[in-house]
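Each remark here refers to the structure printed beneath this line.
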There are 2 protein chains.
Amino acid sequence: MTDLDTTFDDAGPGDADAPMTRGEKREQTMCRIMEAAKKCFVHAGFQGASMQQICAAAEMSPGALYRYFPSKEAIIGAITEADRSQDAEIFRTMFENPNVVDGFVTAAMAHVRHMHESGNASLFTEIRAESMRNEAIDLTCQSAMGTVQQGFRDYLQGAIDRGEIEPCVELDAMLPMIIAIGEGLAINDLPSKGVPLDSIETLMRVTVEAMLRPRKRANANDN
Amino acid sequence: MTDLDTTFDDAGPGDADAPMTRGEKREQTMCRIMEAAKKCFVHAGFQGASMQQICAAAEMSPGALYRYFPSKEAIIGAITEADRSQDAEIFRTMFENPNVVDGFVTAAMAHVRHMHESGNASLFTEIRAESMRNEAIDLTCQSAMGTVQQGFRDYLQGAIDRGEIEPCVELDAMLPMIIAIGEGLAINDLPSKGVPLDSIETLMRVTVEAMLRPRKRANANDN
DNA sequence: TCCGAAAGAGCGAACGTTCATTCTCATTTA
DNA sequence: TAAATGAGAATGAACGTTCGCTCTTTCGGA
């Protein structure tokens, strides 16, 4: 409900009564449609939700809606792009944390928390299922995750070069696995199943340490 | 293609020309329909694939097909049940291995390998997406995973009681997380993305050891 | 300041298509 | 011969999208 509500407070004309320019109003209507569509998609699926239902949820007629999006597919594409880039954004903060393990765990926990609070787990699952057969959606996902993965790669490579970590497998193999694990945790929305956040964080930290093997001090215990 | 081809060789009448009883033939036709439907579902989704397409793939008319399944939903249900119980079967072998870490890693790797070879990753993703909104499908998934989880629980609890492992978080929290991680790995079909099976196994072993903390020998290195 | 035309925004009935399912009738099987 | 199996045209509903129309907003020129 609050995800796409990007109301632009800057560049306001000053008046509080009719302050919106044409473009602003248009953008706001597009967000309204996307929010309505998201609700429909979540409980009927991309193909199961009809345009009529989306129109009803957005409180507008088909004729009006089609002035903003040329097709149902375009709405799906826009929602996917917004959702994926929002997810990618969360991981960007990670790269500023000098402690690799902390940075990772913090970002991953933020991701889990966000998925739980926004209730986007089933939307994400829907997107993932669609990406398996819809090339355009797949490209959007790959693009978003590719950015994350590249940043992630640089981040870990830097830590390796500085001798801070010594990953148990090479980066090219590890990165897709980490992302896969993250997806599994995201889809399952564990907090909603009664798994406490503390437990998730503990297990995540233990796991990440085992994978990355931080070398803060001389710790001569290899397998 | 070979998943549901459970041809029954036992109870054969002996003749090789027309050896099938009525019931056997019926079962075989149902499998044929399910295989055809699976193909359609994989590349169009449950809702995107039409009955006409499924009929064409199964090489039969709608009238004939409806003698075997009362609705499209029934086909989806049958496929889900077969797929989920097949997955659950893989994990059952784990519980016979006395070494917990080995048993786990072996079963998980079998799962990853099976997902890759059968090309069922996208079917599984579709099932998972459907389970988010279709209660019947959700129940099927929960039932299958519940069985796995219960067996898993007993297995790990036994190892704890024997002092073989000392999990880093309590079982009730750990089990859903392990299953979630497994799902993430399954959905992403890492081998198809060029991640070698060796790397997956290494990371899995390292991770599992960190989570379960096996105590084979006195290993006084805690954090 | 006001006018009128052009463009934007909205409506909802209607379009042609496709959907899941059913019906009737023929053929095969026990 | 009765039941099971199969075919495929037919059915009504629902789909995504379009169309023609009205109402509102914008804005240059008198």
Side-chain angles (χ1 to χ4, degrees), chain A residues 13 15 17-41 43-79 130 133-134 136-137, chain B residues 11-15 17-34 36-41 43-79 130 133-134 136-137:
Chain A
D15 195 337
D17 205 11
M20 261 181 284
T21 74
R22 190 97 103 186
E24 282 169 349
K25 196 159 165 9
R26 194 174 169 79
E27 191 130 0
Q28 189 176 289
T29 306
M30 288 179 84
C31 285
R32 179 156 61 93
I33 294 171
M34 283 165 75
E35 280 306 312
K38 211 163 26 164
K39 273 181 213 157
C40 296
F41 290 150
H43 87 281
F46 284 150
Q47 322 198 56
S50 75
M51 289 301 267
Q52 298 286 352
Q53 288 169 330
I54 295 171
C55 289
E59 294 176 286
M60 55 193 327
S61 65
L65 190 145
Y66 271 85
R67 296 225 184 253
Y68 295 88
F69 292 95
S71 66
K72 189 182 181 182
E73 183 127 352
I75 302 179
I76 295 172
I79 287 179
E130 185 70 16
R133 49 190 132 82
N134 185 328
I137 302 296
Chain B
D15 195 338
D17 205 13
M20 262 180 283
T21 74
R22 189 99 104 190
E24 281 169 350
K25 196 161 167 7
R26 196 177 167 78
E27 190 129 1
Q28 189 175 290
T29 306
M30 288 179 84
C31 285
R32 179 155 62 94
I33 294 171
M34 284 165 75
K38 212 167 20 167
K39 274 181 212 158
C40 296
F41 289 151
H43 87 278
F46 284 151
Q47 321 196 58
S50 75
M51 288 302 266
Q52 298 286 352
Q53 288 170 331
I54 295 171
C55 288
E59 294 176 286
M60 55 195 322
S61 65
L65 191 146
Y66 271 85
R67 299 239 182 241
Y68 294 89
F69 291 95
S71 67
K72 189 182 179 180
E73 183 127 353
I75 301 179
I76 295 172
I79 287 178
E130 185 70 16
R133 48 191 131 85
N134 184 328
I137 301 296

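Letters A, B, ... are given to chains in the order of the sequence lines, protein chains preceding strands, and every chain is numbered from 1.
Counting to the nearest Å, the C1' atom of dA9(C) and the CD1 atom of Ile33(A) are 11 Å from each other. Note: CE (Met60(B)) to P (dA26(C)) measures 20 Å, nearest angstrom. The interatomic distance linking Leu65(B) (CG) with dG6(D) (P) rounds to 10 Å, in whole Å. The separation between Gln28(A) atom CD and dA9(C) atom P is 13 Å, rounded to whole Å. The CZ-P distance, from Phe69(B) to dT22(C), rounds to 16 Å in whole Å.
Taking side-chain N and O atoms only, Arg26(A) has no distance below 4.0 Å to OP1 or OP2 of dG8(C).
Residues passing the side chain to side chain contact (heavy atoms under 4.5 Å, CB included) test with Ala64(A), sequence neighbours excluded: Met60(A), Ser61(A). Residues passing the side chain to side chain contact (heavy atoms under 4.5 Å, CB included) test with Ala57(B), sequence neighbours excluded: Ala36(B), Cys40(B). By the side chain to side chain donor-acceptor pair (under 3.5 Å) test, Arg133(B) pairs with Glu126(A), Glu130(B), sequence neighbours left out. By the side chain to side chain donor-acceptor pair (under 3.5 Å) test, Glu73(A) pairs with Asn134(A), sequence neighbours left out.
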Review item, nucleotides 28-30 of chain C N/O atoms under 3.5 Å of protein N/O:
none

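Atom CD of Gln52(A) and atom CG of Leu65(A) lie 10.0 Å apart (nearest 0.5 Å). Between Ile75(A) atom CD1 and Ile54(A) atom CD1 the span is 5.0 Å, to the nearest 0.5 Å.
Of all non-hydrogen atoms in Ile33(B) and Ala58(B), the two that sit nearest each other are CA-CB, 4.3 Å. Of all non-hydrogen atoms in Ala49(A) and Ala44(A), the two that sit nearest each other are N-CB, 3.8 Å. Nearest approach of Gln47(A) to Lys72(A), heavy atoms of both residues: O-NZ, 3.6 Å.
Residue pairs meeting the ring pair (Phe, Tyr, Trp, His ring centres under 6.0 Å) criterion with at least one partner in residues 45-71 of chain A, sequence neighbours excluded, are Phe41(A)-Phe46(A).
Among the atoms of the strands shown, only primed sugar atoms or phosphate atoms (P, OP1, OP2) are found under 4.0 Å from some heavy atom of Tyr68(B).
For Glu35(A) and Lys38(A), the salt-bridge test passes: some basic side-chain N is under 4.0 Å from an acidic carboxylate O.
End-to-end axis angle of the helix from dT1(C)-dA30(D) to dA30(C)-dT1(D), using five pairs per end and rounding to 10°, comes to 10°.
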Please encode protein proximity along nucleotides 8-22 of chain D as a string of B, S and -, counting only heavy-atom distances under 4.0 Å. B------SSBBB---

